[in-house]
4 protein chains.
Amino acid sequence: MKTPEHRSLKEKQRQEREDLILQVAQDVVLEKGYRDTSMDEIAARVGIAKGTLYLHFAKKEDLMFAFFEREMQKFLQAVEQPVSTELSAQAKLESIVSIMHKDHTGKRGNLLYILFNSEDFKITLQQKSLDTLQRISAKVRSYLEEGKARGEFDPAIPTSIMLSSFFSVLSPRAHRQLFQLEEFSHDEVMFFVQKIYFRGIAKPAIVS
Amino acid sequence: MKTPEHRSLKEKQRQEREDLILQVAQDVVLEKGYRDTSMDEIAARVGIAKGTLYLHFAKKEDLMFAFFEREMQKFLQAVEQPVSTELSAQAKLESIVSIMHKDHTGKRGNLLYILFNSEDFKITLQQKSLDTLQRISAKVRSYLEEGKARGEFDPAIPTSIMLSSFFSVLSPRAHRQLFQLEEFSHDEVMFFVQKIYFRGIAKPAIVS
Amino acid sequence: MKTPEHRSLKEKQRQEREDLILQVAQDVVLEKGYRDTSMDEIAARVGIAKGTLYLHFAKKEDLMFAFFEREMQKFLQAVEQPVSTELSAQAKLESIVSIMHKDHTGKRGNLLYILFNSEDFKITLQQKSLDTLQRISAKVRSYLEEGKARGEFDPAIPTSIMLSSFFSVLSPRAHRQLFQLEEFSHDEVMFFVQKIYFRGIAKPAIVS
Amino acid sequence: MKTPEHRSLKEKQRQEREDLILQVAQDVVLEKGYRDTSMDEIAARVGIAKGTLYLHFAKKEDLMFAFFEREMQKFLQAVEQPVSTELSAQAKLESIVSIMHKDHTGKRGNLLYILFNSEDFKITLQQKSLDTLQRISAKVRSYLEEGKARGEFDPAIPTSIMLSSFFSVLSPRAHRQLFQLEEFSHDEVMFFVQKIYFRGIAKPAIVS
DNA sequence: AATGAATGAGCGTTCATTCAT
DNA sequence: TATGAATGAACGCTCATTCAT
């Protein structure tokens with residue numbers, strides 16, 4: 001007899017397993033990269049048969065994409081969280097940076113980076129909607145524009161270039177070597193990097 | 001009869017072929033990425049047999065590494081070129097940036113990026129000496145220190161963090177999307193990015 | 001409480017489901033062929049779990065064989081239907097041809113053909129009794145003999161060869177290309193094919 | 001040093017191996033059918049590595065198609081051999097039948113039949129040109145038309161239907177059971193089958 | 001030294017069959 | 001009894017590497 005309890009138990013177990021698969025996949029991808037991560041190895045590490053993997057994800061790419069999308073969605077949600085309009089544009093952007101760096105081990109950032117740059121995965125990424133990524137970009141862009149309008153940021157610098165620089169210099173991946181060296185704490189690094197970035201885009205004082 | 005001349009002639013030919021192989025490998029990797037570059041294709045494009053490739057490089061990774069190393073050496077030589085000591089630290093760093101971007105198509109930058117991030121190659125790279133990369137870093141670091149000493153750059157920001165930011169925000173790859181969109185020219189982009197970076201690390205004017 | 005009624009009710013339901021499975025299997029095999037018919041799809045279309053399929057048929061081949069056998073039985077029954085003895089042998093054979101072609105879409109004929117020629121199924125077919133097929137053959141053979149005895153058919157042609165020719169030229173599958181082209185109607189095609197066949201085996205007029 | 005002799009020796013060996021592969025493939029397909037013939041098994045039986053198979057044929061289908069096309073080409077050539085115009089249409093068609101039955105074991109006929117009817121292979125066949133098949137058909141059709149014009153065959157029967165019947169009743173496959181039973185010799189069977197067919201399509205004597 | 005045919009481990013994916021529930 | 005999640009052997013195909021010539 002099927003009761004809702006049964007169903008939800010099954011569903012819960014299924015979800016747990018799916019999470020485990022994604023977790024293991026993440027580990028392997030971090031170790032070996034996208035191409036060298038085989039479905040065999042993921043299955044073996046999870047402790048299930050290869051076929052079982054395919055009950056959860058129809059293709060290798062789907063597995064990887066599931067992870068990627070899940071993370072990006074979390075990011076998007078955090079980014080689109082309503083923020084007090086009284087905050088400065090810089091403060092709003094800093095809150096986004098802090099979301100990006102929430103994961104202290106940097107695992108997530110590394111993983112997204114690997115997937116984002118993987119030769120094969122790029123195709124999947126293009127096929128599937130880039131919507132989430134674009135919405136994230138759009139939010140950052142809107143804060144940059146707002147900062148310009150408010151006189152915080154230099155209107156002479158194109159917003160696109162500010163945006164591109166934002167993601168390149170403030171992403172967790174960019175400074176992973178520093179984090180590993182442990183010369184500085186994660187927070188210290190980010191404090192200085194943000195200092196550099198926000199000074200860099202700041203509206204220059206008027207020199208008479 | 002084997003004479004030294006013979007030997008060196010042979011040796012010269014061998015060297016030339018090796019260069020050709022590396023050149024071709026570069027082209028193919030740029031077109032297809034690391035994993036989709038097959039030894040077959042390299043051999044075919046060079047016009048030699050696949051076996052001959054293996055007389056020069058025992059493994060695919062070795063070939064790629066040789067190539068990577070060669071590019072880094074070129075870069076290092078350019079970077080270590082003596083520069084007029086009268087130049088500002090910023091000017092010296094800008095000349096390094098211009099070396100990084102010398103190649104307008106971004107070929108070299110892309111290539112190094114692909115290899116540097118390539119999944120299997122990472123391991124090779126870690127095993128082999130990172131000496132060349134470190135010497136390049138050291139040079140940039142020395143200019144940064146010099147800038148601090150001269151009062152150009154903010155001594156409050158750790159040099160390591162300046163260095164890490166330098167490579168993340170000023171590398172050709174970082175802004176490849178902008179280059180592709182062709183909203184801005186390559187030079188425009190680099191002009192603004194450098195503006196951001198150097199303002200970002202500049203010694204702040206004393207506020208009384 | 002298990003009563004005979006219960007048993008037979010259950011048994012009846014079981015039988016109904018088995019028929020449904022066979023019916024569905026037929027549809028899928030016709031659409032996709034033997035090998036591309038998966039147990040998954042059959043179960044899904046029937047609306048039962050895959051495991052349940054295996055309570056009825058231990059192997060895929062068994063299911064297919066059951067189905068094959070059922071069709072052949074239907075055919076045999078039709079063929080063995082008593083016929084007026086006054087009919088000519090040719091008329092009797094023509095009624096068998098019309099049974100073979102009864103189904104205008106050629107469904108049954110196609111199906112038997114697919115199974116009969118299907119690669120893996122061949123083996124099963126050989127292992128299981130070919131009894132039904134032989135009884136059908138025997139009936140046709142008896143009509144051919146009868147026709148010879150009556151002076152309708154040429155006694156100089158061995159009956160085996162007439163039989164073999166009967167099934168090869170009069171089977172629905174043989175002329176499927178013609179049916180598809182729709183240059184001729186199904187009935188037209190069969191009219192002419194039978195004309196060819198029966199003229200071919202007819203007792204020749206005595207040439208003085 | 002490469003001499004023409006070397007090349008041609010290599011080429012000869014290659015050709016021999018290719019023939020061997022096709023031979024083995026034929027055996028396996030005859031035993032197991034198209035789908036159940038695995039590249040692994042072919043390689044194992046030939047005594048080469050699986051990869052080597054792919055040096056000769058890029059896809060499983062290509063291997064099968066190579067065989068199919070080769071046989072059909074042979075057939076076409078024989079069929080298009082110039083024939084004395086003085087021969088009757090029937091004699092011309094009989095010579096085609098004798099070509100079809102040249103292979104006494106019937107192996108070739110069976111193989112072509114299996115391929116021609118294989119669910120997967122059909123696609124390949126449709127993609128590749130059906131030119132050869134059509135040219136063979138065209139030849140037979142032209143002889144049938146000729147026979148009608150000459151008063152040999154019945155003009156009341158559509159040529160398409162004669163053609164379809166020709167291939168269904170006169171193909172080696174149609175009577176394979178008879179050949180196996182060895183009740184009659186191959187030639188006897190064909191003698192009678194042709195008798196049936198040609199009588200069947202003959203122009204009827206005028207009945208006054 | 002140079003060749004390129006041959007190798008075979010490895011890949012992603014499928015699906016008939018099993019079995020704990 | 002009925003389920004459907006889990007299995008794992010098998011498939012077609014690729015390609016870095018080897019080795020007889």
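Chain identifiers are assigned alphabetically (A, B, ...) following the order of the sequence lines, protein sequences preceding nucleic acid strands; residue numbering begins at 1 within each chain. Worth saying up front: this structure is predicted, and the values here are computed from it rather than measured.
- Nucleic acid contact for A:Ser38: sugar-phosphate only, since backbone atoms but no base atoms lie under 4.0 Å from a heavy atom of the residue.
- A donor N or O paired with an acceptor N or O is not found under 3.5 Å between the base of E:dT17 and the side-chain atoms of C:Lys60.
- At the phosphate of F:dG4, neither OP1 nor OP2 sits under 4.0 Å from any side-chain N or O atom of A:Arg14.
- In this structure, the CD atom of A:Gln15 is 14 Å from the P atom of F:dA5, given to the nearest Å.
- A:Ile48 comes within 4.0 angstrom of sugar-phosphate atoms only, judged by non-hydrogen atoms across all strands, and of no base.
- By the 30° and 60° cut-offs, the orientation of the rings of D:Phe121 relative to D:Phe68 is perpendicular.
- Mapped onto DNA chain E by nearest heavy atom, B:Gly47 and C:Lys50 fall at different nucleotides, with B:Gly47 at the one closer to the 5' end.
- If you check E:dG12, E:dT17, F:dT14 against the side chain of A:Tyr54, the one that comes closest is E:dG12.
- For D:Thr52 and E:dA5, the shortest distance from a side-chain N or O to OP1 or OP2 is not below 4.0 Å.
- Each of D:Glu71, D:Arg70, D:Glu69 was checked for a side chain to side chain donor-acceptor pair (under 3.5 Å) with D:Gln73, and the lone residue meeting it is D:Glu69.
- In this structure, of E:dA16, E:dT13, E:dT7, it is E:dT13 that holds the atom nearest to the side chain of A:Met39.
- Each of A:Ala58 and B:His56 was assigned the nucleotide of DNA chain E with the nearest heavy atom; the assignment lying further toward the 5' end belongs to B:His56.
- One interatomic measurement links the two molecules: CG of A:Leu53 to C1' of E:dT14, which rounds to 14 Å at whole-angstrom precision.
- For the pair D:Lys12 NZ and E:dA5 C1', the computed distance is 18 Å after rounding to whole Å.
- Put simply, the side chain of C:Lys10 and the base of F:dT1 share no donor and acceptor less than 3.5 Å apart.
- Here the side chain of C:Ala49 is nearest to one of F:dT3, F:dC13, E:dA2, namely F:dT3.
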